[in-house]
Amino acid sequence: MTVPESTYRVQLRPEFTFADAAGIAGYLRDLGIGALYASPVLDATPGSTHGYDVVDPTRARPALGGEAARQELSALLKELGLGLVVDIVPNHMSVEVPKANPWWWDVLKHGRDSEYASFFDVDWDRGPLLLPVLGDDEAVAELSVEGDELVYHDHRFPLAPGTETGTAQEVHERQHYRLADWRRGNAELNYRRFFDITNLAAVRVEDPTVFAATHGEVLRWVADGDVTGLRVDHPDGLADPGGYFRRLRENAPDAWIVAEKILHPGEPLPQSWPVDGTTGYDALREIAGVFVDPAGEPGFTALANELGVKTGYHRVEAEARRLVTDRILVAEVRRIAALLPGIDPDQARQAVAETMIAFPVYRSYLPEGGAHWAAAIDGARRARPDLADALIVLDASVRKNPESEPATRLQQTSGMVVAKGTEDTTFYRYTRFAALNEVGGNPDRFGLDVEEFHRLAAAREAGHPAAMTTLTTHDTKRSEDTRARMAVLAEVPGEFAGAVRRWTARRGIDEPSLNLLAWQTLVATWPIEPSRLRDYLDKAAKEAKLRTSWTDHDEAFEADVAAWPEDVLNDTELAADVEAFVRRIEGPGYANSLGQKLVQLTAPGVPDVYQGTELWDFSLVDPDNRRPVDYAVRREILARITEGEQPGIDASGAAKLLVVHKALRLRREHPALFRGYRPLRAEGPAAEHVLAYTRSPDLAVAVTRLPLGLEAGGGWRDTVLPLPGGVWTDVLTGRDASSGLATLFDRYPVALLVRGDA
């Protein structure tokens, strides 16, 4: 099996193609990377900036350079000794531009008689395919016929053979689909989709024929040695994730395979999955958490309550999930409810909804995860005792046959409810301390102590040593450095609360949760361009679905939110006050960034570096985190470092690139050093401010945590880190290591130590 020592994620798009990726391959090798990790590379919807909207899985995307450019990139990576990890999307395909997807086009044209009718998860018994694309139902009057196509504005749809005559409206009525008001999609859609995105139609990869058709090209690349690893997107949407991974492993026995599985704290990865681990959100939660001071919780809870931000996490989460079941995923809930025998349809619908609202994890994988299913049923019974009869039928239907259609569809849908309700709604409503509001995170758990971190790291080394670890991805709510600076706020809750009171009085946002999120975001990303902050706050407001949303707009509120960044930055006194506060936390934020990065790069697992984050990167949620990366600057800094420069810790981010480069090179050139895991414990008055461990007997890592508290307590003083016998050298500085932490950390707040000639 080809397990990379590390990966570097690049976001391919028409502006950054296979050729552009080849252009940075030499830089990645010099940085110390083991494999280039690419976003989806199969043909995607025209103009796609991310590639998760695949339209043709049988070819490399022409907009990226096509097959020839893909082969050239693969050949270059092999020449440089780098692997290639490819992101694949088995759950869905894009149908936004029907003609771009030949399979979907054929289904629209021929209906149930299409050879691809079984490729998509369509409820054919409910009549023609509902396509919610019209401005309203009256817009059918705007349809026209051009040749063998039905046209609505810039949308084109195929006509079934022999239906071309008559008025456009009459032609429309004779098709295997019906164009309808876009608002009808959530309640009436009769094909499964990706979350609430009607343009992404679910694919039935549980069918071996569909699996072969959708995976054949990528598996050919694996067989040819061009692709060494696969990252599998959103397996929770599949009918049978375990069966899918077993089939994938059979067809790619030597590939490194990681699953984008979001694990709740304490939830294990299903042991029947033949994968190397997750894509690392569990590691992100643990690594970021150990840099958050739990002592800050009361102050932030008090501030949130004072401002009117709800602080009952589970109540906020339940409300958000209920919004999803009752208003967004209505069609999916009804489809499951219709499968329950002998139950009033409304009672069945409510039982299904309450069960998914009560799920303690994203989904169960019955018969594995039976305890999670039982917990969901029990939670639904407690919340709605009036649904007892319907819940008994639902529970019996699922337990009797975990492979039945009700069981399968409920498990597929529960993950959608959790993701939309928790990640995409609750995390924008429950803004008490936003550094915790991360994919795979647990916002009601304020930080992680050192001993728990050690336990979890050792468990990863024992169970999934080849799992991916991450701090930033294309899906994270904020980048690692933004989160690291935000974490400092937990050390000064009183100071921050006082600042927020002053700032809000001068120019607050008239929605408490967004107001508190905005001030946290501003100080964590300062100095940020007003346009970036404006776009972020617009998205946050709409995701929260409190005062406005993507579909029901409060124009006046949105205008006020849009004006907020420039209002704040143009207020000289207010901006100066914010900047002064940022200066207070900026240095400790850098220390957190370096600490969490060195831990991620050296702890158990395969570390991924998200594009550009080898320097400071104060990005926010997508699309902000997909901005172009300036590789010329990074090459120039790397060249200086390889010549021996030891940069200071400043706004350039060069110190972070030093840490990334030194750790990655050591990991790639001496992989045997990165085996095993044992805690190291400091002794002395500031012992709680260091996280340290050994991997092999000849490699030790030590980083600073809670730097403001360290400073307030008088620094390291005579705190020591006892090291196993021998001469130890700090790879970052080239100096002999001292057991005294005041000396060990006098240049950088982190140390990467090797013993003897190792």
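Just so you know, these numbers come straight off a predicted model, no measurement behind them. Only heavy atoms go into these numbers, but all of them, side chains included; no hydrogens, no water, no symmetry mates.
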Would [X] and [Y] pass as an ion pair if we require N to O under 4.0 Å?
{"X": "D560", "Y": "R507", "result": "yes"}
{"X": "R455", "Y": "E452", "result": "yes"}
{"X": "R634", "Y": "D630", "result": "no"}
{"X": "K539", "Y": "D622", "result": "yes"}
{"X": "E317", "Y": "R429", "result": "no"}
{"X": "E438", "Y": "R483", "result": "yes"}
{"X": "R506", "Y": "E573", "result": "yes"}

Enter the distance from [X]:[atom1] to [Y]:[atom2] here, rounded to the nearest 0.5 Å.
{"X": "F745", "Y": "L721", "atom1": "CZ", "atom2": "CG", "answer": "7.0 Å"}
{"X": "T548", "Y": "E511", "atom1": "OG1", "atom2": "CD", "answer": "11.0 Å"}
{"X": "M416", "Y": "R321", "atom1": "CE", "atom2": "CZ", "answer": "14.0 Å"}
{"X": "E260", "Y": "T278", "atom1": "CD", "atom2": "OG1", "answer": "10.0 Å"}
{"X": "T301", "Y": "F446", "atom1": "OG1", "atom2": "CZ", "answer": "7.0 Å"}
{"X": "F16", "Y": "S39", "atom1": "CZ", "atom2": "OG", "answer": "9.5 Å"}

Near-ring test Y362/H264, centroid separation under 6.0 angstrom
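Judged by ring-centre distance (under 6.0 Å), H264 and Y362 do not meet the cut-off.
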Are F496 and W519 close enough that their ring centers fall under 6.0 Å?
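Between W519 and F496, which both carry aromatic rings, the centre distance is not below 6.0 Å.
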Go through the structure and list residues passing salt bridge (charged side-chain N to carboxylate O under 4.0 Å, His left out) with D30, not counting sequence neighbours.
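Counting only residues at least two positions away or on another chain, D30 forms no salt bridge (charged side-chain N to carboxylate O under 4.0 Å, His left out).
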Give the C-alpha distance, both sets of side-chain angles, the deciding distance and a yes or no for salt bridge (charged side-chain N to carboxylate O under 4.0 Å, His left out) between R460 and D282.
CA-CA 10 Å; R460 180 171 294 103; D282 44 331; 3.4 Å; yes
Just checking, R9 and Y610: is the charged tip under 6.0 Å from the six-membered ring centre and within 45° of the axis?
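No, a cation-pi geometry is absent between R9 and Y610.
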Quick check with a 6.0 Å cut-off and a 45 degree axis cone: is R231 positioned over the face of Y37's six-membered ring?
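Output no; distance or angle outside limits.
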Indicate yes or no for a side-chain donor-acceptor contact from [X] to the backbone of [Y] under 3.5 Å, with no hydrogens or angles considered.
{"X": "D87", "Y": "P40", "value": "no"}
{"X": "Q596", "Y": "E480", "value": "yes"}
{"X": "Q520", "Y": "A518", "value": "no"}
{"X": "R667", "Y": "G34", "value": "no"}
{"X": "R747", "Y": "Q646", "value": "yes"}
{"X": "E645", "Y": "R640", "value": "no"}
{"X": "T425", "Y": "T422", "value": "no"}
{"X": "S549", "Y": "D552", "value": "yes"}
{"X": "T473", "Y": "T476", "value": "yes"}
{"X": "K656", "Y": "D617", "value": "no"}

Just to verify, what does D293 make a side chain to side chain donor-acceptor pair (under 3.5 Å) with, not counting sequence neighbours?
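Partners of D293 by the side chain to side chain donor-acceptor pair (under 3.5 Å) criterion come out as none, since no residue qualifies.
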[Y] side chain reached by [X] side chain, heavy atoms, under 4.5 Å:
{"X": "R534", "Y": "E529", "value": "no"}
{"X": "L658", "Y": "K662", "value": "yes"}
{"X": "H474", "Y": "Q611", "value": "no"}
{"X": "L514", "Y": "V561", "value": "yes"}
{"X": "V750", "Y": "K597", "value": "no"}
{"X": "M468", "Y": "T279", "value": "yes"}
{"X": "Y313", "Y": "P443", "value": "yes"}
{"X": "P493", "Y": "L303", "value": "no"}

Is it the case that atom CZ in R627 sees more than 12 heavy atoms from other parts of the structure closer than 6.0 Å?
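Yes, the 6.0 Å shell around CZ holds more than 12 heavy atoms from other groups.
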When you look at CD of E15, are more than 12 heavy atoms from neighbouring residues, nucleotides or ligands closer to it than 6.0 Å?
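Yes, enclosed.
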Name the residue from V660, L36, L28 that meets the side-chain contact (heavy atoms from CB on, under 4.5 Å) definition with Y8.
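Looking at V660, L36, L28, the match for Y8 under the side-chain contact (heavy atoms from CB on, under 4.5 Å) is L28.
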Sole candidate of L732, V731, L744 that passes side-chain contact (heavy atoms from CB on, under 4.5 Å) when paired with L753:
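Output: one option passes, namely L744.
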Between E614 and Y27, does the side chain to side chain donor-acceptor pair (under 3.5 Å) criterion hold? Intermediate values first, please.
CA-CA 12 Å; E614 60 269 35; Y27 161 75; 2.6 Å; yes
Take T613 and D481 through the test side chain to side chain donor-acceptor pair (under 3.5 Å) and record every step on the way to the result.
CA-CA 8 Å; T613 60; D481 298 318; over 6 Å; no
Taking all non-hydrogen atoms of both residues into account, name the closest pair between [X] and [Y] and its distance.
{"X": "D577", "Y": "R502", "value": "OD2-NE, 2.9 Å"}
{"X": "R432", "Y": "F300", "value": "O-CD2, 3.2 Å"}
{"X": "A682", "Y": "A687", "value": "O-CB, 3.5 Å"}
{"X": "A654", "Y": "I641", "value": "O-CD1, 3.7 Å"}
{"X": "R547", "Y": "D510", "value": "NH1-O, 2.5 Å"}
{"X": "L706", "Y": "V292", "value": "CD2-C, 3.9 Å"}

Decide side chain to side chain contact (heavy atoms under 4.5 Å, CB included) for I328 and K545; before the verdict, give the C-alpha distance in whole Å, the side-chain angles of both, and the deciding distance to 0.1 Å.
CA-CA 12 Å; I328 298 176; K545 309 169 190 69; 4.0 Å; yes
Is it true that the side chains of S652 and D650 contain a donor and an acceptor less than 3.5 Å apart?
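Side-chain D/A pair, S652 to D650: present.
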Step-by-step side chain to side chain donor-acceptor pair (under 3.5 Å) determination, Q11 to H50
CA-CA 7 Å; Q11 293 292 119; H50 49 76; over 6 Å; no
Show the numbers, then the answer: is there a ring pair (Phe, Tyr, Trp, His ring centres under 6.0 Å) between W503 and F581?
CA-CA 11 Å; W503 301 340; F581 186 88; 5.8 Å; yes
May I have the step-by-step check of ring pair (Phe, Tyr, Trp, His ring centres under 6.0 Å) for F195 and H234, ending in yes or no?
CA-CA 11 Å; F195 296 115; H234 187 51; 5.0 Å; yes
Should the pair F618 and Y590 be assigned to parallel (<30°), tilted (30 to 60°) or perpendicular (>60°) ring geometry?
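Rings of F618 and Y590: tilted, 30 to 60°.
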Should the pair Y677 and H454 be assigned to parallel (<30°), tilted (30 to 60°) or perpendicular (>60°) ring geometry?
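Tilted: the ring planes of Y677 and H454 meet at 30° to 60°.
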